[in-house]
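Each ligand, and each atom within it, is numbered from 1 in the order the structure gives. Keep in mind the model is a prediction, meaning the values are calculated, not measured.
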Amino acid sequence: MKYVSTRGQAPTLSFDDTLLSGLARDGGLYVPEEWPVFSTKEIGALKGLSYAEMAIQIIRPFTSGVIEDGDLATLVNQSYAEFDDPAVAPLKQLGDGEWLMELFHGPTLAFKDYAMQFLGRVFDHVLRKRGERVTIVGATSGDTGSAAIESCRGRDTIEIFILHPEGRVSEVQRRQMTTVCDDNVHNIAIKGTFDDCQNMVKGMFNDTEFRDHCKLSAVNSINWARVMAQIVYYFYGALQLSAPENPVSFSVPTGNFGNVFAGYGAKRMGLNIEKLIIGSNSNDILSRFFEDGRMLTTGVRPTISPSMDIQISSNFERLLFELYGRDGDITQTMMKTFSDTGLFEVGQGQLEQAQSLFSAQRFSDDETLAIMKQILIENKELLDPHSAIGVAAGRDKRINSGAPHISLATAHPAKFPDAVRQACGQQPVLPPSLSDLFEREEHFITLQNDRNQVQDFIKSHRMDGAN
Ligand SMILES: *Cc1c(COP(=O)(O)O)cnc(C)c1O
């Protein structure tokens, strides 16, 4: 499988080059040259497989020619071996035809582990074969950093530096990053905001000399391999219910459009998905788009579901490319307009096409707290605020066709204890693997919001030696 850029100007790449480069050189995002399609019979044959067995079948067409079958099986099996539920992504019934898929059984308790655990291993595999090492740099507002660190820790092909805004991530989130003590893991608290951290990372990638010197690489949500690994759980959930013959719908709490775009990928690969319902918080750029076809940025507002506090849904570019018949020129022009003016607008035909599969609903913090309480009372489930938004969006937008509906639960409630306490009046308990999190020793350095200082730190703390 080869990969093309959504902006049509960057070279076509193999899977391993796509993996390591992250963003395309023309500023676009990589997508498969064509979607692999499974027939209904082939999808039916996946029924009953374990999560890892199914992941191997779904991922294989995307990595063919680069990763050998035996290696892929090993990487996938190792990725999910330590998850704390034997089903990996268990389904729980909430109501009549209403299901919850728990995607928080990985080491850092958010759905990002499902892709990131595989990503760290596949990076290591590809780098080892090439005899190369990379420096991964990323900014985090919470969940991405810990998932990335957990997947890269202890790997001698990778040096990882994660920037977080000092005092602006929750204590659970900070400790999940800073209590990892492997030599290749470096936590940097920046005296600034998340945007400062992100701008600094962008600046490092634009500093060609520094980028090449350190062999910078990224594992953020625009990396194709993350989307790819997330496609798996849509198949896994649907096949436990009415698929392949009958449709399933999903609701997904999303900000960057990464998770729900994986659902779109599953649909393109042949899975019978009726609707993909998006739940947003008051940072509702996506909900507004699916109403009127206008993508308009406004400032970011902090909410109790901080992992969706975004200004721009970066993965949406992949859908835009598809809505315009994979025309890189149109995508490039629209994204340029968007970056110049903060607005683009799709045509009526594209909007209708988008609305035929997607719908969206926004929820304020007060509404989210009320839903969390309601779900506890009615369904005896303690949900984190993101997952509650997904359930609520499904309830509001589900069409009454009889198709079963699955809401993706994206984080464990103990990751967001303040909101859970506020809504439900109880303290969510961390799972056993993290029960001593508050006693563990923290390792991090605090630096000023000054890119030169941070780059000097990175240069002097990379392990020298191999290339
Ligand atoms: C990252 C995250 C999201 C949003 O994911 P997208 O990539 O924007 O789809 C939702 N919930 C939780 C708990 C997260 O960590």
Is the closest N or O pair between [X] and ligand 1 shorter than 3.5 Å?
| X | result |
| --- | --- |
| His386 | no |
| Asn256 | yes |
| Gly255 | yes |

**Q.** Heavy-atom gap Phe261 to ligand 1 smaller than 4.0 Å
**A.**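 In this structure, Phe261 fails to qualify as a contact of ligand 1 - no heavy atom is under 4.0 Å.
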Q. How are the rings of His386 and Phe416 set relative to one another: parallel (under 30°), tilted (30 to 60°) or perpendicular (over 60°)?
A.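 Geometry flag for Phe416 against His386: tilted rings.
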(Q) Asp309 vs Asn283, test: side chain to side chain donor-acceptor pair (under 3.5 Å). Steps then yes/no. (A) CA-CA 6 Å; Asp309 289 351; Asn283 297 291; 3.0 Å; yes
Q. Short list, please: which atoms of ligand 1 are under 4.0 Å from a heavy atom of Ala411?
A.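 Counting from 1, the qualifying ligand atoms are 13 (C).
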Q: Under the side chain to side chain donor-acceptor pair (under 3.5 Å) rule, what do His164 and Thr140 come out as? Steps first, then yes or no, please.
A: CA-CA 5 Å; His164 71 263; Thr140 188; over 6 Å; no
Of the protein's non-hydrogen atoms, which lies at the shortest distance from [atom], and what is that distance?
| atom | answer |
| --- | --- |
| atom 3 (C) of ligand 1 | Phe111 CE2, 3.6 Å |
| atom 6 (P) of ligand 1 | Thr254 OG1, 3.6 Å |
| atom 4 (C) of ligand 1 | Ser307 O, 3.8 Å |
| atom 12 (C) of ligand 1 | Thr410 OG1, 3.5 Å |

Q. Is there a donor in the side chain of Arg318 and an acceptor in the side chain of Asn315, or the other way round, less than 3.5 Å apart?
A.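 A pair is found: one side chain offers a donor N or O, the other an acceptor, under 3.5 Å apart.
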Q) So, Arg421 and Asp418, do they make that salt bridge, N to O below 4.0 Å? A)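 A salt bridge links Arg421 with Asp418.
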Q) Using 4.0 Å as the upper bound for N to carboxylate O, is an ion pair formed by Arg362 and Glu291? A)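 Between Arg362 and Glu291 there is a salt bridge, with a charged N closer than 4.0 Å to a carboxylate O.
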(Q) With a heavy-atom distance limit of 4.0 Å, tell me whether Lys112 approaches ligand 1 through its side chain, its backbone, both, or neither. (A)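 Lys112 to ligand 1: side-chain contact only, backbone stays beyond 4.0 Å.
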Q) With backbone taken as N, CA, C and O and side chain as the heavy atoms from C-beta onward, which portion of Pro253 lies under 4.0 Å from ligand 1: side chain, backbone, both, or neither? A)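 Contact part for Pro253 vs ligand 1: backbone (N, CA, C, O).
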Tabulate below the donor-acceptor pairs under 3.5 Å that side-chain atoms of residues 81-89 make, not counting sequence neighbours, or state none.
unit_1 : atom_1 : unit_2 : atom_2 : d
Asp84  : OD1    : His105 : ND1    : 2.6
Asp85  : OD1    : Ala87  : N      : 2.8

Q) Can you tell which of Ser313, Ser314, Ser307 makes a side chain to side chain donor-acceptor pair (under 3.5 Å) with Asn256? A)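 Single pass found, and it is Ser314.
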